[in-house]
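We use all heavy atoms of the structure for the numbers below, so side chains are in, but hydrogens, waters and symmetry mates are not.
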Amino acid sequence: MRPLDFIHAYDWHNLPPQVRLQAELGVLDLLGVAAGGHGTELSRIIRDHVVEMFGGTAPMLFDGRKASPVGVALATGMMIDALDGHDGYNPSKGHVGCVLLPAILAAVPDANTDGAAFMATVAMGYEFGSRVAVAQHSTVADYHSSGSWGAVVAAAAMARMLGYDIETTRHALGIAEYHGPRSQMMRCIDHPTMLKDGSGWGTMAGVSAALLAAKGFTGAPAITVEDAPEYWSDLGNRWLILEQYFKPYPVCRWAHAGVDGVLNLRATYGLTSDQVDHIAVDTFHEAVRLATSRPRNTEEAQYSTSFPAAVAMVRGRVAPGDIADGALGDPEILRLSEGFKMTETQIANARFPAERLARVTLVLNSGERLVGEYLNPKWDHRKPATEAELRAKFHDLAEPVLGAERATRIETALHEMPKTGLQPLTDQLFAPISWGTKPGKSVKLSNSASGSRAAISPPEGPKATRMHGTPAAWAVSRSVALSPISTHCAGFPPQRRTASCNGAGSGLRTGNVSAPTSPAKASRTPRRVKSRSASRSGLLVQMPTRYPADAKSATAAIAPG
């Protein structure tokens with residue numbers, strides 16, 4: 001099937017059940033990350049800019065104000081990108097969802113569509129976007145950000161949502177490819193700023209392209225779509241939406257395996273940070289260039305290999321509050337981050353981008369070296385997060401900002417949207433953050449040693465007992481506390497719960513300690529390496545994969561005001 005035909009041919013009800021579920025979880029995850037990013041300075045600046053410069057009648061996500069569809073796409077894309085916790089696709093070296101969902105939401109006010117068509121556009125976008133990204137990376141010498149190829153994804157989503165014919169769609173894709181931001185990704189890696197992955201600018205360009213095409217503006221062809229057939233041959237036969245990864249930590253994916261390695265060794269040997277002289281990591285070239293060891297703001301903390309690993313060693317977690325603007329001065333974390341040693345290895349380079357390998361060595365004050373194995377990050381599609389874990393992550397991110405009741409309404413409305421339509425969901429998404437705030441502003445949080453806590457409470461108070469909502473079979477009571485210890489089991493249907501809901505694989509989180517509730521089993525016997533030379537053998541320990549509960553109280557802590 002031609003890519004142009006594929007954009008419009010998707011039917012939600014004919015998709016495999018696992019594809020439908022993955023699309024739902026992808027949207028849920030993106031909305032949680034957007035809520036977590038809402039309070040950042042990046043998000044505040046861009047939303048105010050959009051209201052000032054892109055006037056219109058389309059509602060903005062979690063804001064209450066309105067702008068043009070182009071402005072809404074820009075604001076939403078950058079809000080999601082503000083907290084680097086969204087999904088991605090390894091071969092694309094980037095993130096499809098972060099450019100896809102903003103374009104779909106920008107189209108909603110003008111689209112004559114229902115909930116099933118909305119979700120079909122989501123599923124289509126992951127298939128289309130994953131392939132256009134690989135086509136561009138394979139045919140263009142420089143390494144461009146997600147926004148570059150994401151512009152074409154956004155145009156495709158708009159064309160489907162607004163019911164364009166094939167010829168108009170073709171021109172929309174061509175305009176988007178031509179005007180998409182060919183921003184140099186490694187520039188932002190070397191100099192982390194609010195530019196991030198270019199996702200907001202890319203989706204803005206794609207939405208603009210689609211609206212121009214509808215007026216008769218021409219721009220076909222999109223070369224990556226029409227002149228690179230080898231990258232589209234498996235379209236409709238291989239479901240790339242099932243090959244996306246999710247993030248347990250809100251930092252660049254390239255740093256995740258290092259964090260996992262630190263947490264594995266920390267738990268296996270029962271270590272505290274004061275026993276560690278320094279951390280060493282063998283990894284691939286791009287991760288080595290995430291070299292900010294003393295971040296001045298959350299952007300630099302999110303685009304660092306050393307700082308998140310140091311946080312993990314000190315606190316046993318990496319939660320949003322740990323990489324907040326106001327939480328970057330811990331002397332013990334900075335000691336380990338500034339003493340961090342990174343080595344680029346051919347083993348890791350050869351496996352990138354399909355894999356993001358890292359091997360961690362902890363050098364103790366005694367001179368003893370504890371050496372781990374090369375690891376891939378958790379929640380890769382080969383060892384994916386469970387549905388329960390992703391739903392828990394959503395609540396951890398969304399509840400401190402939206403409140404438990406509203407977060408649950410979003411989850412329920414999204415699940416039921418193919419049957420009940422768009423309005424129950426959009427009513428929740430386009431309303432402002434309500435308690436103690438004004439449109440365009442976010443909840444202000446203060447930091448604490450246990451991971452930032454809300455300075456004010458949501459409407460239901462610091463604790464709430466809520467009912468899940470419809471259908472009745474989902475209704476369960478759930479006590480939610482804005483504290484570092486919480487349980488997340490009621491945010492999904494009873495028939496979908498896994499063992500992790502009853503505590504299996506979860507962590508005990510008190511203060512700066514995170515330990516499994518049952519001893520982790522290593523794939524081979526952990527050992528101490530007496531020599532100061534690195535060892536290729538070591539340990540591989542499966543750690544708890546629950547999203548850190550501290551995120552519940554810390555998510556919006558990156559809000560400066």
For the residue pair [Y] / [X], report whether a side-chain donor-acceptor contact shorter than 3.5 Å exists.
| X | Y | value |
| --- | --- | --- |
| Glu177 | Thr224 | yes |
| Ser293 | Ser306 | no |
| His144 | Gln184 | no |
| Glu243 | Ser130 | no |
| Arg160 | Thr121 | yes |
| Thr40 | Arg44 | no |
| Ser304 | Thr292 | no |
| Tyr126 | Asp87 | yes |
| Tyr249 | Asp84 | no |

Show your working on side chain to side chain donor-acceptor pair (under 3.5 Å) between Thr283 and Glu344 and close with a plain yes or no. CA-CA 5 Å; Thr283 188; Glu344 178 180 336; over 6 Å; no

Please determine if [X] and [Y] form a salt bridge, counting it only when a charged side-chain N lies under 4.0 Å from a carboxylate O.
| X | Y | value |
| --- | --- | --- |
| Arg391 | Glu387 | yes |
| Glu286 | Arg289 | no |
| Asp380 | Lys383 | no |
| Arg170 | Glu226 | yes |
| Arg359 | Asp282 | yes |
| Arg131 | Glu127 | yes |
| Arg65 | Asp48 | yes |

If we ignore hydrogens and angles and just use 3.5 Å, is the side chain of [X] paired with the main-chain N or O of [Y] as donor and acceptor?
| X | Y | result |
| --- | --- | --- |
| Asn376 | Glu355 | no |
| Glu300 | Arg296 | yes |
| Thr203 | Ser199 | no |
| His137 | Ser92 | yes |

Please confirm whether Arg253 makes a cation-pi placement over Tyr245, using NZ or CZ under 6.0 Å from the six-membered ring centre and within 45° of the ring normal.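 Checked: cation-pi criterion met.
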
Examine Lys93 relative to Tyr143 and say whether NZ or CZ is less than 6.0 Å from the centre of the six-membered ring and inside a 45° cone about the ring axis.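 Cation-pi check for Lys93 and Tyr143: passes.
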
Residue [X] excluded, over 12 heavy atoms near [atom1] under 6.0 Å:
| X | atom1 | value |
| --- | --- | --- |
| Arg294 | CZ | no |
| Met186 | CE | yes |
| Tyr178 | OH | no |
| Trp254 | CH2 | yes |

Side chain to side chain donor-acceptor pair (under 3.5 Å) between Thr169 and His8: does it pass, once the steps are laid out? CA-CA 9 Å; Thr169 300; His8 297 281; 2.8 Å; yes

Run the salt bridge (Lys or Arg N to Asp or Glu O under 4.0 Å) check on Asp322 and Arg315 step by step: do they pass? CA-CA 9 Å; Asp322 299 316; Arg315 297 182 177 171; 2.6 Å; yes

For a salt bridge (Lys or Arg N to Asp or Glu O under 4.0 Å) check, start with the C-alpha distance between Lys393 and Asp396, then their side-chain angles and the critical distance, and finish with the verdict. CA-CA 5 Å; Lys393 175 189 170 183; Asp396 288 339; over 6 Å; no

For a 4.5 angstrom cut-off between non-hydrogen side-chain atoms, does Phe62 reach Pro432?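 Of all side-chain heavy-atom pairs linking Pro432 with Phe62, none is under 4.5 Å.
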
Would you call Ile323 and Leu83 a side-chain contact if the rule is heavy atoms closer than 4.5 Å?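 They are in contact (side-chain heavy atoms under 4.5 Å apart), so the answer is yes.
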
Checking side chain to side chain contact (heavy atoms under 4.5 Å, CB included) for the pair Met204/Phe54: CA distance, chi angles, key distance, verdict? CA-CA 11 Å; Met204 175 183 71; Phe54 293 84; 4.1 Å; yes

Carefully, step by step, assess Leu105 and Phe118 under the rule side chain to side chain contact (heavy atoms under 4.5 Å, CB included). CA-CA 9 Å; Leu105 293 177; Phe118 179 105; 4.1 Å; yes

Aromatic centroids of Trp232 and Phe128 separated by under 6.0 Å: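 Close enough - the centres of the two rings lie under 6.0 Å apart.
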
Given Ser146 and Asp197, is the side chain to side chain donor-acceptor pair (under 3.5 Å) satisfied, shown in steps? CA-CA 6 Å; Ser146 296; Asp197 200 24; 2.3 Å; yes

Given Gln244 and Val96, is the side chain to side chain contact (heavy atoms under 4.5 Å, CB included) satisfied, shown in steps? CA-CA 9 Å; Gln244 312 292 310; Val96 177; 4.3 Å; yes

Given the rule in the side chain to side chain donor-acceptor pair (under 3.5 Å) test, do His381 and Asn90 qualify, once you have shown the distances and angles that lead to the verdict? CA-CA 10 Å; His381 75 278; Asn90 279 343; 5.4 Å; no

CZ-CG distance between Arg2 and Leu235, expressed to the nearest 0.5 angstrom: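 Answer for the CZ-CG pair, Arg2 versus Leu235, is 12.0 Å.
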
